[in-house]
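This report concerns only the one structure given below.
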Amino acid sequence: MPTVVPRKMPGVLELLPRDQVAMQKMLDTIRQVFESFGFLPISTPALELTEVLLTKTGGDTERQVYLAQSTGARAQGHEPDLALRFDLTVPLARYVAEHEGQLNFPFRRYQIQPVWRGEAPQRGRFREFIQCDIDVVDRDSLSIRYDAEMPAIISELFTRLDIGNFTIRLNNRRLLRGLLSELGVESADLQGHVLRELDKLDRDGIDAVARALAARGMAATVVDRLLTMAGPGPLKGIAAAEMLKALPAANDAMSQGRDELLSVLSMIEMQGTDPNRIAVDLSIARGLDYYTGTVYETTLDGHEELGSVCSGGRYDDLASLYSKSRLPGVGISIGFTRLFDQLRDLGLVGSASNVQVLVTLIDDDGLSTSLALASVLRTAGYNTEMTMTTGKLSRQLKYADKAGIPLVVIAGEDERQRGTLQLRNLLTKTQVEIPTSDLAATVGRIL
RNA sequence: GUGGCCGUAGCUCAGGUGGUUAGAGCGCCAGGUUGUGGCCCUGGAGGUCGGGGGUUCAAGUCCCCUCGGUCACCCCA
């Protein structure tokens, strides 16, 4: 009698095989696009030393990190010295600093791995989820041109994923900081709060944000000027450039940020990226404050409520905690698990088997024939499953149907005497009798 | 970390004011004559009503505690 209820920790996504196939296809597409832009794969261990991972003791981050230790260490009363990675950026920083001497700069890496966060799980919030990250990291300085490459990658990626139209929103944190300091919002703490409120313009509307800012102690006139400049929403093409040029260059940060954004826009145009996919939106800020320049967010048109599905930005120094070298970079990240889960809810991902053919077994005398046919199909490159025990044909067909296997091979006594087989297509409900020697070629024609 | 809602078969849920052997749909299994699936028909398996305590002649139904799930906020992917 079972005594343990089979259940898993909340906040993890576990799929049935047909959905898992769809997920892997999506991951394959992402990887192919990353590689097509010349990014190299790396993989880091799930567990990092706590002294490495938890150096930036951000209060919230620390609260969400899963600590780990061996049972032996625990029995001896030691504090956990290991922790599960909560993102891919900190491990990248450690990786680059550790292997700096052997890497080829500018270093372009992609990384597709799970991360863990001890959150209160809710819809779209997971404790274990896959991130797909790319970053370009260089020593001393990194050209602004790399900032323009990111939207090209995002655009190619979401076009290939074929899940509808999307908008890549750009902003520049330097510009925002300059704007805030021009408005007298100087403290980094207050700036952080203001940027987070600005980020909510989309969701909460201008009035709610104005009230929230006023509650932070900002004067009404300042709030008004801020929302006038940052609040016109996403602007595309000429309108975006004109809006930027009309901004007052009140300080160095503002003019530098604005120039960076303008040059990114001009590079994007040169690359031939679809201009309808690109918008400038001065309200996006990204929560993380290690971004220093360009920032990106991507939303799916018509599904803005999902939030950003691909975000990133430019940072001044990736690994200041681990290395004396100055390592500026720019990168983007896809919260893949959330994206996949939401797309599945919206019915935007398919579900299929990766098994292409089922070879049935009608009677034991046909065992060697069926085994040979399955072998022929596999040699020809088709994913083939074979039924190993005889059973009613109706059951074998039902099995294939339920499993999502499109083709079924039937070779009973009659067919064997004729040197033929039945090839049934479950999708079209059609069936042809063909010579056994034609099997691979016929399957190839159908699939 | 703060606050709201919910816990009855594998899943989604019914079960007025407490009262005989707790139900439905879907799913699952087996049949509907010998080798053709998704439809239909018949039959079957499956629940100590999250757990513990209390009130009562009697509790899935009322009260308390506890565990679990879920949503919003915070923060984020």
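Every heavy atom of this structure was used, including side-chain atoms; hydrogens, water molecules and symmetry mates were not. Keep in mind the model is a prediction, meaning the values are calculated, not measured. Sequence lines set the chain letters: A, B, ... in the order given, protein chains first and strands last, and positions in each chain run from 1.
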Problem - A/Glu305, CD atom: more than 12 neighbouring heavy atoms under 6.0 Å - result: yes

Problem - Any donor-acceptor N/O pair, A/Arg424 side chain to A/Leu397 backbone, under 3.5 Å - result: no

Handout entry: P-based separation of B/U21 from B/C64 [nearest Å]
Key = 28 Å

Exercise for the section: Determine the contact category for A/Gln431: base if any of its heavy atoms lies under 4.0 Å from a base atom, sugar-phosphate if only primed atoms, P, OP1 or OP2 are that close, otherwise nothing. Expected result: base

Handout entry: Interatomic distance at P, B/G46 relative to B/A24, whole Å
Key = 15 Å

Handout entry: Selection from B/G1, B/G35, B/A77 that lies nearest to any side-chain heavy atom of A/Ala120
Key = B/G1

Problem - Separation between the C1' atoms of B/C63 and B/U55, rounded to whole Å - result: 7 Å

Exercise for the section: May I have the distance from A/Gln64 (atom CD) to B/C76 (atom C1'), rounded to whole angstrom? Expected result: 7 Å

Practice task
Determine the contact category for A/Asp414: base if any of its heavy atoms lies under 4.0 Å from a base atom, sugar-phosphate if only primed atoms, P, OP1 or OP2 are that close, otherwise nothing.
Solution key: base

Exercise for the section: Verify the contact: side-chain N or O of A/Arg424 to OP1 or OP2 of B/G37, cut-off strictly under 4.0 Å; return yes or no. Expected result: no

Practice task
Provide the distance between the two P atoms, one in B/G52 and one in B/G60, to the nearest whole Å.
Solution key: 12 Å

Completion exercise
By nearest-heavy-atom nucleotide on RNA chain B, the more 5' of A/Gly11 and A/Arg117 is A/Gly11

Completion exercise
Re B/G3: Watson-Crick or G-U wobble partner, both distances kept under 3.5 Å, found to be B/C71

Practice task
Report which part of the nucleic acid A/Gly124 touches: base, sugar-phosphate, or nothing (heavy-atom distance under 4.0 Å, all strands).
Solution key: base

Practice task
Would you indicate, yes or no, if B/C74 has its OP1 or OP2 atom less than 4.0 angstrom from a side-chain nitrogen or oxygen of A/Lys200?
Solution key: yes

Exercise for the section: For nucleotides B/G50 and B/A9, find the distance between their C1' atoms and express it as a whole number of Å. Expected result: 14 Å

Practice task
Would you classify A/Arg395 as touching base, sugar-phosphate or nothing, given that sugar-phosphate means primed atoms plus P, OP1 and OP2, and contacts are heavy atoms under 4.0 Å?
Solution key: sugar-phosphate

Practice task
Flag this pair as yes if the NZ/CZ of A/Arg277 is under 6.0 angstrom from the six-membered ring centre of A/Phe166 and inside a 45 degree cone about the axis; otherwise no.
Solution key: yes

Practice task
Look at the side chain of A/Gln422 and the base of B/U36, then say whether one donor and one acceptor between them are separated by less than 3.5 Å.
Solution key: no

Exercise for the section: Tell me what A/Phe126 touches on the nucleic acid: a base, only sugar-phosphate, or nothing, going by heavy atoms under 4.0 Å. Expected result: base

Practice task
Looking only at side-chain atoms of A/Pro121, point me to the closest of B/C75, B/U70, B/G37.
Solution key: B/U70

Exercise for the section: Test for a donor-acceptor pair under 3.5 Å between the base of B/C75 and the side chain of A/Arg125, counting only N and O atoms. Expected result: yes

Practice task
Would you check if A/Phe129 stacks with the base of B/A77, given a 5.5 Å centroid limit and a 30° plane limit, both strict?
Solution key: yes

Handout entry: Distance between C1' atoms of B/G68 and B/A77 (Å, rounded)
Key = 26 Å

Exercise for the section: Name the orientation class of the two ring planes belonging to A/Tyr95 and A/Phe107 (parallel below 30°, tilted from 30 to 60°, perpendicular beyond 60°). Expected result: parallel

Exercise for the section: Report yes if a side-chain nitrogen or oxygen of A/Lys392 is closer than 4.0 Å to either non-bridging phosphate oxygen (OP1 or OP2) of B/U34; otherwise report no. Expected result: no

Practice task
Tell me the partner of B/C29, counting only Watson-Crick (N1-N3 plus N6-O4 or O6-N4) or G-U wobble (N1-O2 and O6-N3) with both under 3.5 Å; none if nothing fits.
Solution key: B/G43

Problem - Distance, P atom - from B/C65 to B/A58, rounded to whole angstrom - result: 23 Å

Exercise for the section: Mind checking A/Ile410 for me? I need base, sugar-phosphate or nothing, with any heavy atom below 4.0 Å counting as a touch. Expected result: base

Exercise for the section: Report, as yes or no, whether the 6.0 Å neighbourhood of atom CD on A/Gln271 holds more than 12 heavy atoms from other residues, nucleotides or ligands. Expected result: yes

Practice task
Check whether the side chain of A/Glu297 and the base of B/A77 form a donor-acceptor pair under 3.5 Å.
Solution key: no

Handout entry: A/Asn383 (side chain) donor-acceptor with A/Val355 (main chain) under 3.5 angstrom
Key = no

Fill in the blank from the handout: Out of B/G1, B/G37, B/A77, minimum distance to the side chain of A/Leu397 belongs to B/G37

Handout entry: B/C13 versus B/U17 - spacing of their C1' atoms, nearest Å
Key = 23 Å

Handout entry: base_contact_polar (B/C74 base, A/Arg196 side chain, donor-acceptor, <3.5 Å)
Key = no

Handout entry: Donor-acceptor under 3.5 Å (A/Asp438 side chain, A/Ala441 main chain)
Key = no

Exercise for the section: Using a heavy-atom cut-off of under 4.0 Å over every strand shown, decide if A/Gln122 touches base, sugar-phosphate, or nothing. Expected result: base

Problem - Assigned partner base of B/G23, Watson-Crick or wobble definition, under 3.5 Å - result: B/C13

Handout entry: Protein-nucleotide distance (A/Lys398, atom NZ; B/G32, atom P), rounded to Å
Key = 13 Å

Exercise for the section: For the pair A/Asp317 (side chain) and A/Pro328 (backbone), establish whether a donor and an acceptor sit closer than 3.5 Å, ignoring hydrogens and angles. Expected result: no

Handout entry: No-H, no-angle donor-acceptor pair, A/Glu415 side chain to B/G35 base, under 3.5 Å
Key = yes

Problem - Nucleotide of B/G35, B/C28, B/G37 approaching A/Lys402 most closely (side-chain heavy atoms) - result: B/C28

